[in-house]
Amino acid sequence: MSYDHKSVDGKWQKRWMDAGVFEAKEDSSKEKCYLLVEFPYPSGDGLHVGHPRSYTAMDIVARKKRMEGKNVLFPMGWDAFGLPAENYAIKTGNHPGTFTEKNINTFRRQLQSLGFSFDWSREVNTTDPAYYKWTQWMFLEFFKAGLAYKAEMAINWCPKDLCGLANEEVIAGKCERCGTPVEKKLKSQWMIAITKYADRLLADLDTVDYLPKIKKQQEEWIGRSEGAEIDFAVDGSSEKITVFTTRPDTIFGVTYVVLAPEHPLVVLIASDEQRGAVDEYTASVKSKTDIERGDETKTKTGVCTGAYVINPANDEKVPVWIADYVLGHYGTGAVMAVPQHDDRDRAFSEAMNLPIVDRPLVSFDEAVEKTSGRKKVQYKLRDWVFSRQRYWGEPIPLVHCEVDGWVAVPIEQLPVVLPVVEKYQPSENGESPLASIDSFVNTKCPQCGGAARRETDTMPNWAGSSWYFLRYADAHNDNEFASKEALKQWMPVDIYNGGMEHTTLHLLYSRFWNKFLFDRGHVPTSEPYARRLSHGLIMSEDGTKMSKSKGNVVNPDEIVNEHGADTLRMYEMFMGPFSEPVPWNTNGVIGVRRFLDKAMKMTEKISDREDAEVTKMLHKTIVKITDDIEGFGFNTAVAQLMMFVNVVQEKGSITKESLMTFLRVLVPFAPHVANEMWENLGGEGFVEEQEWPVADASMLKDDTVEIAVQVNGKLRGTIVVGSDETEEAIVTMARADENVAKYVIDEPKKTIVVKGKLVNFVV
RNA sequence: GCCGCGGUGGCGGAAUGGUAUACGCGACGGACUCAAAAUCCGUUUCUCGCAAGGGAUUGAGGGUUCGAGUCCCUCCCGCGGCACCA
């Protein structure tokens, strides 16, 4: 006999919703706890089994914290701008919002079918004008602070779709949709000066509790290096080449200087004899895609410009080359080459038959001083390209006026709502579809009232997700993105869980965004997340990534229908360590369902008395579950719950009191089953409304312990002794063991006793 | 190439330097049944042995230690991230 999961699941989900038990309260008498999971992109495929892994884990934490008396905020929403909806719109001509809404409804139904204790009253949706009004408002804050600026940028361009592509849409150098190799195209783009925050984004990592590997990824992405800028005068010219180097101490070993092909000085200094070769080389580099350029990391190419520079340390005259191993966008786009100390310079020298000299090093400071250089800190981080020539994104709320230039749309006119368009395809020259809507584009300048044109680019996907955690604090506020009081109550997020795939960009962007708002006095903390954890991916049974094209995607609905919500929840917790990737195994699901059936049957074993073993196990279980939830060891927590039920089954009876206590540690994992049992036993209200149990320390101690007896470290027997037995008595008993005595004939050289664990005789 | 993580039964995995293989799946045997499913009981790292018990075993090889899956060194394999950042 197994329990009827369909009626049990539905019954409790309805009751939780009706009672609003999981809604966070603006109640300062309790300590707050803000638990955040990454809000999903509501794709047309519906929920993936990967989603509930993170959500269940944090749901368990949330339920436990509530029972411990915390005021918990555990919200959910939708990161709903995105390409799939736009592609769907291009294909069908329907509005992407229709598609998005349908998908959100599916996701919401699926999440609710798993009984997560989300506070649905605070649901947010990035595509809702009431939400993106504030995304636009924040962009204007960047604009007003001078951090948003326009610049010519090379963007990814698909020559077949006539369309600009985001980096994420370029797969292996090809257009994600049509497979055409992607080209570079210069376009004027809105940029946000995240590099101004590079030092703080790096330094403040010391103030947060992230997994070390996550910190490391942030550090590497920011990529700080210390060095110096040194000027090399161009021989016979007033020009100078400034290089950035982290090794000024190698200055005497410089044999040539290299410019990136896109360096502006190239055209100025190339000699007449070399000009042809230089132009040819520059053109060939331009026509290469990033991948082609990257592919050639082993064979270095370049040409001599015919110009020479003077090494400021020793007045040596060295040639100037151009080569694409030097990047235009990093440092000064120019490098002093020291083949003696740098592998890349050495490889280039060997390829071009350039000399490699052996010169002594000088100290860093001495070299900087001798060359009149400047100490300099460089970052790999680049400013954030914020424009997309796309329909399905937040319109950038600026207008361009002939007289006043770029002007912010006044706050009372926000949001700038996405207009209705005929077609969602970008235009021939790569303009956003919004550019073809005259009624949208033509407007008046808010400053002078003259004719002006609206910006038609939209924001990238990252925008809405850069601040959603703030909106949850006060999700329905029309006057502010969130009130100061609400933000003060909830921020920072106590634990933020998400995938490793978001630990560079999303994490960095949202930290930056929050810091900026902090500087403007809009949010109370400089860092948004006190703690960041990540979960491992759920792989398919063969260990590869689940994907629709391979047809190995598991639909969570099927598991819920067949075995119930609690089975899916617990299986996802049981399948392996939370932070590691684990393969899905449909066979394994059945084990969890069997456990839940056995757990349900414990209500038939109620008795006035129970075996002492059961009582002891209950208290051990309380301790183990409490610790495991704190340490995110959900798989071993589930194992412990199983062991408890196994003991009850073996002993045949349990008191009602013990069982009801057990339900309080079961409920975070299997809330439907736990509540159903609770009700069957005559419990009042919800199990979630009970206090988290505390183990009785006196119950944790065993009367007797089994002790291993080793001889020279090899196990030769076990003895059972009283837990308070003296060492002496234990050693005597150990030696008395028949099998042990065979090996310990003479007095042992040494005897090691580890209390409660083992005795080791060294003979 | 560099950095990080990992390698334990047939499978997913467990183990503050202290009885390796918990828990689950699968498999095998038994009970119940006309039969099957479900359920329950038992066995299940390999190996020698009727048994008592012995031997081997945590990717490979060394080392430290009374004792190593765990610590150290060398190497192999897998996964993830970064990748000409001067």
Side-chain angles (χ1 to χ4, degrees), chain A residues 1-2 211-214 216-217 219-221 223-225 227 243-248 250 258 260 293-294 296-298 300 323-327 329-338 341-345 347-348 378-382 500-501 503-504 536-537 539 541 543 570-571 574-577 579-592 594-595 597-598 601 633 635-646 649-650 705-719 738-739 742 748-763:
Chain A
M1 262 290 282
S2 67
L211 284 183
K213 63 174 171 183
I214 297 177
K216 186 133 202 174
Q217 282 194 19
E219 279 164 15
E220 280 175 5
W221 196 263
R224 182 182 200 272
S225 41
V243 302
F244 172 72
T245 178
T246 53
R247 296 291 309 274
T250 64
V258 215
R293 207 166 150 170
E296 290 158 16
T297 53
K298 299 213 164 61
K300 299 245 181 303
D324 66 358
Y325 82 89
V326 174
L327 306 171
H329 57 73
Y330 182 77
T332 60
V335 167
M336 60 178 224
V338 186
H341 291 290
D342 185 283
D343 291 342
R344 295 152 303 181
D345 298 342
F348 189 76
Q378 270 295 332
Y379 296 95
K380 286 185 197 171
L381 185 67
R382 291 199 258 167
M500 277 310 285
E501 69 275 21
T503 49
T504 45
L537 238 49
M539 316 299 279
E541 304 213 19
M570 280 190 92
Y571 173 64
F574 185 56
M575 62 197 300
S579 59
E580 301 295 321
V582 266
W584 181 268
N585 181 353
T586 298
N587 278 339
V589 172
I590 193 71
V592 171
R594 282 181 192 148
F595 158 77
D597 282 328
K598 280 198 263 183
K601 277 201 209 135
N635 54 335
T636 49
V638 174
Q640 182 68 33
L641 294 171
M642 288 172 166
M643 281 157 74
F644 177 78
V645 173
N646 288 347
Q649 175 154 320
E650 186 197 323
V705 278
E706 197 188 33
I707 282 191
V709 184
Q710 299 181 337
V711 179
N712 291 341
K714 257 191 187 315
L715 185 70
R716 293 302 176 188
T718 56
I719 54 171
E738 201 182 325
N739 198 45
K742 284 198 291 191
K749 276 191 212 145
K750 200 172 167 186
T751 304
I752 289 131
V753 183
V754 181
K755 208 159 176 355
K757 292 278 185 187
L758 59 71
V759 176
N760 187 17
F761 296 112
V762 185
V763 297

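Residue numbering restarts at 1 for every chain, and letters A, B, ... go by the order of the sequence lines.
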Mind checking if A/N760 touches a base, just sugar-phosphate, or nothing, with heavy atoms under 4.0 Å?
base
In whole Å, what is the span from the CZ atom of A/F644 to the C1' atom of B/rG24?
19 Å
Taking A/K757 as the fixed residue, which of A/N760, A/V754, A/V759 is the one that meets the side-chain contact (heavy atoms from CB on, under 4.5 Å) rule?
A/V754
Report which part of the nucleic acid A/K598 touches: base, sugar-phosphate, or nothing (heavy-atom distance under 4.0 Å, all strands).
sugar-phosphate
Answer with base, sugar-phosphate or nothing: what part of the nucleic acid does A/V582 contact at a heavy-atom distance below 4.0 Å?
sugar-phosphate
How far does the P atom of B/rG24 sit from the matching atom of B/rU44, given to the nearest Å?
15 Å
We want to know whether A/N585 and A/Y571 form a side-chain donor-acceptor pair, criterion being a heavy-atom distance below 3.5 angstrom.
no
Rounded interatomic separation in angstrom, taking OH from A/Y571 and P from B/rG12:
11 Å
Have a look at A/R382 and say if it touches a base, only the backbone sugar-phosphate, or nothing, with a 4.0 Å heavy-atom cut-off.
nothing
Separation of B/rC3 atom P from A/K216 atom NZ, nearest Å, is 9 Å
Mind checking the P distance from B/rC71 to B/rG18? Whole angstroms is fine.
11 Å
P gap between B/rA36 and B/rA31, integer Å:
11 Å
Identify whether any heavy atom of A/T245 sits under 4.0 Å from a base atom; if not, whether one sits that close to sugar-phosphate; answer base, sugar-phosphate or nothing.
sugar-phosphate
Rounded C1' spacing from B/rG13 to B/rU58 in Å:
13 Å
When the distance from CD of A/Q640 to C1' of B/rA14 is rounded to whole Å, what number comes out?
12 Å
Gap between atoms CD1 and P, on A/I590 and B/rC23 respectively (whole Å)
19 Å
Without hydrogens or angle criteria, can the side chains of A/N646 and A/K598 be said to hold a donor-acceptor pair below 3.5 Å?
yes
Whole-angstrom distance between B/rU16 and B/rA35, as gauged at atom P:
48 Å
With distance as the sole criterion, do the side chain of A/K300 and the base of B/rC84 form a donor-acceptor contact below 3.5 Å?
yes
B/rG26 and B/rU21: how far apart are their C1' atoms, nearest whole angstrom?
16 Å
5' precedence on RNA chain B between A/K213 and A/R594 (nearest-nucleotide basis)
A/K213
Rounded interatomic separation in angstrom, taking CG from A/N635 and P from B/rC23
14 Å
Taking B/rC84, B/rC23, B/rG12 as options, the one with an atom nearest any side-chain atom of A/D324 is B/rC84
Check the distance between B/rC25's P and A/F574's CZ and give it to me in whole angstrom.
8 Å
Which part of the nucleic acid, if any, lies within contact of A/P212, taking any heavy atom under 4.0 Å across all strands shown: a base, the sugar-phosphate backbone alone, or nothing?
nothing
Below 4.0 angstrom from OP1 or OP2 of B/rA56, is there any side-chain N or O of A/K714?
yes
Would you mind telling me which residue lines up with the more 5' stretch of RNA chain B, A/G717 or A/T636, judged by nearest nucleotide?
A/T636
For residues A/V335 and A/T245, determine if any side-chain heavy atom of one lies less than 4.5 Å from a side-chain heavy atom of the other.
no
Tell me the interatomic distance from A/M539, atom CE, to B/rG6, atom C1', rounded to whole angstroms.
14 Å
Can you tell me, in whole Å, how much space there is between the P of B/rA38 and that of B/rC46?
25 Å
